[in-house]
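Notes follow the structure.
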Amino acid sequence: MKKNIALLPGDGIGPEITAQAVAVLKSVAEKYSHEFVFTEGIVGACAIDECGDPYPEQTHKLCMESDAVLFGAIGDPKYDNDPSAKVRPEQGLLKMRKSLGLFANLRPIEPFASLRESSPLKNERIEGVNLVIVRELTGGLYFGEPRGRDENGNRAFDTCLYSKEEIIRVARVAFELARGRKRHVTMVDKANVLETSRLWRETVKTLHDSEYADIALDFMFVDNAAMQLVTAPAFFDVLLTENLFGDILSDEASVITGSIGLLPSASTGAKVALYEPIHGSFPQAKGKNIANPIATILSAAMMIECSFGFAKEAAAIKSACKKAIEEGVVTPDLIAAAERAKGRKGYSTTEVGEYICKNI
Ligand code: IPM
Ligand code: MN
């Protein structure tokens, strides 16, 4: 089958890791007789440098005309350390999410058995962990208006805003997902303090009782959830939450697997879905050929499974990644400290990518 993929490498290590995902997709195309057509677009700091807009119209058009979007990373230190910068690379990502209608962000956390030793958590805590964070992606504090400063600039404000419609559509994604899993949704909020959280609770409960009574639903305050994620992560199946809480909890949950360089994500909603690693642009590693390409390669697997329905092809990518990890063909982030002390350095980004391609 022929599929058009918009490729947005972005900033930092983005181009290096997406290049490996493209190589793996080409191996899949060859083995399973598909045709993937990649068209590159600019987003983030590189787009600001080129045309002053971190998500230019031509990139939006490219995404809209594609069957799916594969994205690398966004961000550059030259903007991080400049609070007065008028345009920031991150605005490109937010604009892209909003204009593509990507209201649901799925972040699966599934530790690899062979990497137990790389996790900072004790082995018995990781046992049986398999969870997905469903993060609302186009509302809340990230987008609420008004936002800004008062006249003299000494007071700043952001608005956390949610409507019932926004809550229902993402809650549906979580409940439907739970039906194919352990049928357990935990909704995470701060309903003891925030009015928006109380609306979330009330709306999710009503939707659950009328349409998803077959799913076990519980509620947890976000501070407690942050603690449970590292003390009893196996408790969770589907964790549903709003935008900012989901941002924070997904970084926290990523450490369970041993490296944030392993975790893929999908953002869905309207017509075209976007797939990206959950990590950032890792500018310190840019151009060094050391970044872990597996999160992006696994994002490509999610893309061909969820957007194109290629389940066996996705399984082939996942098992090739697993083999690379089991055989120790991994980048330096996955070499445990003890091994590093013995002088083991790990493999380069391209070597890991090539190994995975060879095993498709
Ligand atoms: C993420 C990132 C983004 C977010 C940043 C880069 C704007 O941290 O995708 O989790 O906060 O959503
Ligand atoms: Mn984040």
Side-chain angles (χ1 to χ4, degrees), residues 8-14 17-18 42-48 53-55 59 63 69-83 85-109 131-144 147 158-162 166 170 188 222 225-226 229 239-257 259-269 273-286 291-292 295-296 298-299 302-303:
L8 311 182
D11 304 323
I13 55 165
I17 53 177
T18 46
I42 51 169
V43 67
C46 61
I48 301 178
D53 183 343
Y55 183 61
T59 301
C63 294
V69 183
L70 186 63
F71 168 59
I74 225 166
D76 190 294
K78 78 178 175 213
Y79 296 95
D80 293 348
N81 304 323
D82 177 11
K86 290 254 168 338
V87 235
R88 322 183 138 268
E90 289 78 6
Q91 286 165 348
L93 182 58
L94 300 183
K95 190 170 155 201
M96 176 160 73
R97 288 172 179 169
K98 195 72 167 180
S99 38
L100 294 174
L102 305 172
F103 60 80
N105 180 224
L106 276 48
R107 298 184 163 182
I109 317 280
L131 69 109
V132 186
I133 297 182
V134 177
R135 166 189 177 193
E136 199 291 327
L137 204 59
T138 52
L141 274 170
Y142 275 67
F143 292 95
R147 54 174 57 224
D158 296 284
T159 304
C160 187
L161 190 73
Y162 270 111
E166 287 172 299
V170 68
V188 171
V222 62
L229 271 173
L239 189 164
L240 166 66
T241 191
E242 61 101 76
N243 203 345
L244 183 64
F245 297 160
D247 178 46
I248 299 166
L249 294 180
S250 58
D251 265 38
E252 188 196 5
S254 76
V255 306
I256 301 171
T257 61
S259 171
I260 196 170
L262 293 173
L263 295 179
S265 81
S267 300
T268 66
L274 177 139
Y275 299 84
E276 60 173 308
I278 84 157
H279 60 72
S281 59
F282 195 11
Q284 306 85 328
K286 181 181 174 174
N292 192 341
T296 317
L298 290 173
S299 300
M302 275 183 103
M303 174 178 80

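Predicted model only: the values in this text are computed from it and were never measured. Order of appearance sets the numbers: ligands from 1, and atoms from 1 within every ligand.
- Scanning both residues, I74 and G44, for their nearest heavy atoms gives CG1-CA, 3.4 Å.
- The shortest separation from a heavy atom of E276 to ligand 1 is not under 4.0 Å, leaving the residue out of contact.
- Heavy-atom contacts of R97 reach the following atoms of ligand 1: 1 (C), 4 (C), 9 (O), 12 (O) (cutoff under 4.0 Å).
- Residue D247 places at least one N or O, backbone or side chain, under 3.5 Å from an N or O of ligand 1.
- Among the atoms of R107, some N or O lies under 3.5 angstrom from an N or O of ligand 1.
- The closest donor-acceptor contact from the side chain of R88 to the backbone of P54 lies at 3.5 Å or more, if one exists at all.
- Closest N/O/S atom of D247 to the Mn ion (ligand 2): OD1.
- Formation of a donor-acceptor pair under 3.5 Å by the S281 side chain with backbone atoms of G75 is found in this model.
- Contact annotation: for R88 versus ligand 1, there are no heavy atoms closer than 4.0 Å.
- Contacts between Q91 and ligand 1 below 4.0 angstrom, taking non-hydrogen atoms only, are absent altogether.
- Here the heavy atom of the protein found nearest to atom 4 (C) of ligand 1 is Y142 OH, 3.4 Å.
- Side chain of E136 to backbone of T138: a donor-acceptor contact under 3.5 angstrom is found.
- With respect to atom 6 (C) of ligand 1, the closest heavy atom belonging to the protein is E90 CG, 3.8 Å.
- Separating the OH atom in Y55 from the NZ atom in K95 is a distance of 8.0 Å, to the nearest 0.5 Å.
- For the pair T59 (side chain) and I42 (backbone), a donor-acceptor distance under 3.5 Å is present.
- Distance check, rounded to the nearest 0.5 Å: CD1 of I133 to CD1 of I109 gives 5.0 Å.
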